[in-house]
Amino acid sequence: MDLTYTAEQQAFRAEVRTWLEAHVPKEPLASFDTAEGFEAHRAWEGVLASGRWSAVTWPEEYGGRGLDLIRWLIFEEEYWRAGAPGRVSQNGVFLLAPTMMEYGTPEQKARFLPKMATGEEIWAQAWSEPQAGSDLAAVRATATLDGDDYVLNGHKIWSSRAVFADWAFGLFRTEAGSERHKGLSLILFNLKSPGVRVQPIPQIDGEAGFAEIFLENARAPAANLMGGEGQGWNVCMATAGFERGLMLRSPARFQAAAARLAALSQRSMPDATQQAAVMQAVMDADAYALSIYSTASRLMAGGKIGAEASCNKLFWSELDVALHKTALSIKGAAAELTDDTSGEPWLDGYLFSLAGPIYAGANEIQRNIIAERVLGLPRG
Amino acid sequence: MDLTYTAEQQAFRAEVRTWLEAHVPKEPLASFDTAEGFEAHRAWEGVLASGRWSAVTWPEEYGGRGLDLIRWLIFEEEYWRAGAPGRVSQNGVFLLAPTMMEYGTPEQKARFLPKMATGEEIWAQAWSEPQAGSDLAAVRATATLDGDDYVLNGHKIWSSRAVFADWAFGLFRTEAGSERHKGLSLILFNLKSPGVRVQPIPQIDGEAGFAEIFLENARAPAANLMGGEGQGWNVCMATAGFERGLMLRSPARFQAAAARLAALSQRSMPDATQQAAVMQAVMDADAYALSIYSTASRLMAGGKIGAEASCNKLFWSELDVALHKTALSIKGAAAELTDDTSGEPWLDGYLFSLAGPIYAGANEIQRNIIAERVLGLPRG
Amino acid sequence: MDFTFSEEQLMSAGVVRDLLADRCTGADLRRLMGSGEARDAGRWQAILDMGLPGLMVPEAAGGLGLSETDLVLIAEACGYAALPEPLIEHAGVGAPLLAAINHPAAKALAEKAAGGEITVALGHPANLLIADADTAGVILIPGQDGLHLVDPAKATLHRHDSIDAFRRLFSVVFTESTVVAGPREMVPLLEVALDRGALFAAAQGLGLAQRAVDMAAAYAKERVQFGKPIGANQAVKHHLATCQTKIEFARPVVHAAAAQIGQGDVFSRSRVSHAKLAALAAADLAVRMCIQIHGAMGYSWEVDAHFYLKRTIALTGAWGDEAFHRARVAERIAAAAMTPDQTFARADAAPAEQVAA
Amino acid sequence: MDFTFSEEQLMSAGVVRDLLADRCTGADLRRLMGSGEARDAGRWQAILDMGLPGLMVPEAAGGLGLSETDLVLIAEACGYAALPEPLIEHAGVGAPLLAAINHPAAKALAEKAAGGEITVALGHPANLLIADADTAGVILIPGQDGLHLVDPAKATLHRHDSIDAFRRLFSVVFTESTVVAGPREMVPLLEVALDRGALFAAAQGLGLAQRAVDMAAAYAKERVQFGKPIGANQAVKHHLATCQTKIEFARPVVHAAAAQIGQGDVFSRSRVSHAKLAALAAADLAVRMCIQIHGAMGYSWEVDAHFYLKRTIALTGAWGDEAFHRARVAERIAAAAMTPDQTFARADAAPAEQVAA
């Protein structure tokens, strides 16, 4: 155990910092849930890619730098320290790509990864359906092989980024009459192709952060099947593993928020309750960072990510809500104002934090998973 | 709505205060979970009864004063304000007696209530069995009619006060082969009679606050059946209603503890977290008192106690744990000492508070009840 | 000692609840938001027809001469519906304040305010901005030299956006005004207004909390996942039981605060503050759980949960924020003993010892 | 940057864990308590045989010359078993402190302490009393004029009862002593001792927490109510999942604190404090949930839960109470920026800007 950075790691940090200082937009970009903001964020992905910073853990051949996880963490720390824009390509770069590296064909990787890295193609996920939320295995959308194509039919929902994205990866029933986890397949499809209709869903903040996708005899080449027919559930669970695990929410994000909260607290006059909450938020953000460093070290030493990764989602989502609630409490009468002049989007952050305990497997499901898989309690 | 006391209520308070000032022992009595302390507490019940203060809400004919609930609350406030001893006859006076008033025969009332009021006979409850804890309907102990007696067999457990008590009220299966809620009866039996063996169970503090009761062909007169054969479950639920409701924990108890906590806090140097917790404890104790006043007023106006009474148990038990935890936190390094010189038994109080979420229906069961009966959610 | 509401009080609240259940649905809220108008004219007229605006205005000034206890259940009902119109701020704070001002310019308007012909907006140091100043017939604004009565038509209003689209918040700049109360008279007026504002925010918070729980419970009975209604899961049950318990132990505090507010002492102020803290904390937890139980649906605009969420955020900061109200509770803890006989303590009460003597 | 333990570290801890699983069961604890003796002689000898007492004593002084990182997992294992003997306080605090004192009287005893022939008890301002003073071979007690080395046989010991029967706490009065460090040398010695005491209390807290969860989970799998194991209920699952999550996010803090303790700056002190707060908070929740899940059984003496409860109460207040450690975290927050690159900040580190230049 040695919790100091090597000279190389320090030099790497300096390199990242220098590049970000030169390139991070001085003004925040518009929300990527607006047409204008989406394109601005896509352009930023291009800028990142031009410096080969858009997918640092990927192999170099696809546009990455082949960085280990510690360097990924250093990169993220600098990224959040610099206040760089949110990642509109997160679904692709951090969710689909790791799965594709493991399950994709060489052709799929060559076709999709480079354009994902540059932001030329931005991805949405298409998993949930109206009757398949927490119970993802209740998927009904179908994919039927017809010549060289799958014909897609069904109704996907809660698809984040889908309003403006180019491609989506979704779970489809490829075996007629199959039930639950069987007969499902993961298929990549173009959101702009005929038979695909995307209907924005306004969120509680009024922005269309997610969408419904209606599929009526839309077609995707059979070559877009990923991981084998009928293997969709396993492939999807692998993705969920990554999602709940390291990359969905890098710790630097919460440390940056906790630092802003501490600063807000220092220039306000928080009462005892608020002071206590600020301190807890700071400690929790640090604890999350230490946990991810620890996991990263273990993975680099050849260990595996385990079911305890479910604890991550639980922890950061609850920390995020508490942190933002504390900020609103300190802001007091100003908390409700959307034109808050401080320039710190605490209110937006709070609303966003409320999605945390819901998506990527509701926290109730996460607690079941921890109890059943980590502690071995019987299924209900 | 008028939240001021009438002149009569104020005069009553003054009367209670005067009597208590003259009679409350200056030194705390030994714990009633010791033989010596039990008898000291029994003697205190006698003193209370001599002033007709041991069962103030009972009709006068049985030793009470026929007081309404507001006066009961005033009495309790003064009782806790005076630091008077805990009530060793609580199981009888506050649990069994209200049930007996409703379901008992005139003979039962005449036979049992007066001696209950004086402390001559102290009661234990005998409901739980090793396999029937939260699931009380799993009772297996049997009562078989034999001539004029019931013959009792079985194994009761977690019977509070039973180590030194004289009588117990228990749930028995009177119908052979009956299952669950059916075929159960409530029977009063003498703990000193042949075939009854009481085995103390040491608690986490080492004291024998409860006991096992082994019944081997013990006999109870058939006249000791209360509420009709096979009616045990309904009668028992009525008792549980009272238990969870008003009288199990009078609000004054928590207000007295909160006041002690505030005083401890004022003479210590609590940090922000502790200050916040002290304030919350004070507010919660007040909220509990206001809620009971409100319920009492409603009952006096002809209303009924409802399923929302389940909220009471949940609230006071969680408040009690938090309150005592806060005190220990403020005491810091001194928290662990059993010979703490301040004379305030925070540590004992904390250990005792941990029983709160467990007994009289574990809080998990209470939450189910609230969700199902108050909010109408489907059974699991 | 009687901690019950009268039949009339319960009935009036029931009538308002029924009216709003009918005329202030989620669809109604959305329609009003779409229209960009401040009020639903028909709904507002129905409210006026019930005589509610003047409920707390003395009869001599054209009102019903009732008290906070008579309005508190109605405020709960308005919170339950997330009513956009400023009934509660007007009837509970603005109109009785105007009627209490001993100045001809105020007197001249008090009757109109009691009848609901005009509404009264109030600038108060506890609030950053002035709610509903644009639709008000009169704005009262405290200054160094006393309380100014301002005609909105002669003032410059600048709107600030709240996350709650129905909160119409304004900064107000004026040159013409009438000082209707001197600095010394103004102080108690503003103190009473603050307590009332906080009390009725608490009552609305209770309503919001109960609405969120009811809505979540209804959804949990219907929504099927893993082959059963999600409400059959203990996790959902226990979330909602916890919320309901918070409501049950905030409600009597709010009701007691309404009954005791007239004391105007450290005890009643602490009770009002406790009420606001407890009720809004219940609302905060309940709306978050309502969203959580609805899953992704709950995070969408289509489900009404966000109306309750946003109103809760707004009311939490209005009429004294959390730190302000906790400080008032701390004052009470420091002020006097907290023995169990002090639940209904009053500054002017003879100590019990004297009663006994 | 390597946040993993070595094979040796993992293996040593595993050996201790196995030893204690075998020789420090609930029955063993009850037997020792019944005997009234301070230590289980056989278990203590087995611990001595592993060379653990001198683990952190320099090799020159007869120890193994290892560090906090080498002891932290062993301390977790001791917490898991609620070990009565003072291994951790001796090996983690007392013995290395004695070895660090530059005075012949201390040097003369350091090797015996390293070998476990004697144990070292320490009076520390953070603690009210001196633990295990009666069985110690030497007691170190700070005074105005420096650190006193006291022979227990020549001092008057008065025992104070802890709720944890295995905590042997004493006030010590002495007339004969040797001052082995002056006031100025004493300060850093006591600072290091405090950090170590707090760190290892945290590590034991982690062990206690995990034991409570494991015990509750085992019971929940077996205990049947309403026709199914109680562990099939979501309420039980979610309680335990919450506890396990608290453990998972306390553990890396404890481990990082062990690795960084040598920095001795505001950052490492804050980390140690965070570790103690988080680990004992996890233990507090876990032991309460363990009792709760056991129902009335959990409240009985017969079930081992109360051993873990009582040790948790004791360790929460020992080596700096909660307020003390929160104050140290607050110091760090005020001391320097908390940008995300500062996770492993050190007072002596060159700022990243300079590295970049």
Side-chain angles (χ1 to χ4, degrees), chain A residues 128 130-138 157-160 180 200-210 268-275 321 325-326 328-341 347-348 350-359 362-365 367-368 380, chain C residues 33 125-129 159-165 167 169 223-228 230 232-236 238-239 277 284 287-289 291-303 305-307 309-327 330:
Chain A
S128 296
Q131 299 309 318
S134 282
D135 184 9
L136 195 54
I157 196 167
W158 316 123
S159 181
S160 54
R180 307 289 306 157
I201 307 176
Q203 298 174 162
I204 55 177
D205 60 1
E207 293 194 344
F210 36 47
S268 311
M269 288 194 303
D271 77 347
T273 304
Q274 291 161 345
Q275 287 170 39
V321 173
K325 247 174 68 70
T326 302
L328 293 192
S329 175
I330 292 175
K331 292 194 79 70
E336 68 175 307
L337 299 178
T338 56
D339 59 352
D340 174 20
T341 49
L347 192 51
D348 285 356
Y350 178 60
L351 296 186
F352 186 75
S353 77
L354 297 181
I358 297 170
Y359 77 137
N363 283 9
E364 288 75 18
I365 306 289
R367 284 193 159 85
N368 286 349
Chain C
M33 197 184 297
N127 295 321
L128 285 179
L129 297 161
R159 182 159 181 189
H160 295 258
D161 286 334
S162 166
I163 184 72
D164 179 349
R167 292 264 292 174
L169 300 175
R223 170 72 170 172
V224 172
Q225 290 275 277
F226 299 105
K228 62 182 177 186
I230 60 171
N233 291 300
Q234 254 188 344
V236 171
H238 288 200
H239 280 327
L277 290 165
D284 165 60
V287 294
R288 286 191 287 119
M289 283 305 144
I291 290 171
Q292 177 73 17
I293 287 167
H294 279 78
M297 284 290 287
Y299 199 70
S300 78
W301 183 263
E302 183 190 340
V303 166
H306 65 93
F307 291 122
L309 169 71
K310 292 165 182 174
R311 185 66 50 87
T312 297
I313 292 171
L315 292 180
T316 299
W319 296 108
D321 61 18
E322 293 169 294
F324 175 88
H325 288 292
R326 281 193 291 254

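Chain letters run A, B, ... following the sequence lines, proteins first, then strands; residues in each count from 1.
- In this structure, the portion of A:Ile201 lying under 4.5 Å from any heavy atom of chain C is its side chain and not its backbone.
- If you measure heavy-atom distances from C:Asp284 to chain A, the contacts under 4.5 Å come from the side chain alone.
- Heavy atoms closer than 4.5 Å to chain A are found nowhere in C:Leu315, neither backbone nor side chain.
- Proximity to chain A (any heavy atom under 4.5 Å) is shown, for C:Ile230, by neither the backbone nor the side chain.
- Checked against side-chain hydrogen bond (donor to acceptor under 3.5 Å, both in side chains), C:His238 has the following partners two or more places apart in sequence or in another chain: B:Asn368.
- The side-chain contact (heavy atoms from CB on, under 4.5 Å) test with C:Ile163 singles out one residue from A:Asp348, A:Leu351, A:Asp205, and that residue is A:Leu351.
- For a residue to count as touching a neighbouring chain, one of its non-hydrogen atoms must lie under 4.5 Å from one of that chain's; by this rule A:Glu207 does not touch chain C.
- Residue A:Arg367 does not touch chain C at all, counting heavy-atom pairs closer than 4.5 Å.
- Per-residue heavy-atom pair counts under 4.5 Å with chain A were compared for C:Ala318, C:Ala314, C:Ala330, and the maximum is reached by C:Ala314.
- Only the backbone of C:Ala126 comes within less than 4.5 Å of a heavy atom of chain A; no side-chain atom from C-beta onward does.
- Interface remark: A:Pro130 contributes backbone atoms only to the contact with chain C (heavy atom separation under 4.5 Å).
- Taking every heavy atom of both residues into account, C:Phe226 and A:Arg180 meet most closely at CD2-NH2, 3.8 Å.
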For this session: May I have the step-by-step check of side-chain hydrogen bond (donor to acceptor under 3.5 Å, both in side chains) for C:Glu322 and A:Gln274, ending in yes or no?
Result: CA-CA 9 Å; C:Glu322 293 169 294; A:Gln274 291 161 345; 4.9 Å; no
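- Of the two parts of A:Ala355, the backbone and the side chain both hold a non-hydrogen atom closer than 4.5 Å to a non-hydrogen atom of chain C.
- One N or O on the side chain of C:Gln225 and one on the backbone of A:Gln131 form a donor-acceptor pair closer than 3.5 Å.
- Considering only residues two or more places apart in sequence or on other chains, A:Phe210 meets the ring-ring contact (aromatic ring centres under 6.0 Å, His included) condition with A:Trp158.
- Both the backbone and the side chain of C:Ser162 come within contact range of chain A, with heavy atoms under 4.5 Å apart.
- For C:Ala235, the part lying under 4.5 angstrom from a heavy atom of chain A is the side chain only.
- Only the side chain of C:His239 comes within less than 4.5 Å of a heavy atom in chain A; its backbone stays farther off.
- For A:Ala137, no part sits under 4.5 Å from any heavy atom of chain C, backbone or side chain.
- Only the side chain of A:Ile365 comes within less than 4.5 Å of a heavy atom of chain C; its backbone N, CA, C and O stay farther away.
- The minimum heavy-atom distance linking C:Gln292 with A:Ile358 is given by the pair OE1-CG1, 3.4 Å.
- Between the side chain of A:Lys331 and the backbone N or O of C:Gly317 there is no donor-acceptor pair closer than 3.5 Å.
- For the atom pair A:Ser134 OG and C:Arg223 CZ, the distance stands at 8.0 Å (nearest 0.5 Å).
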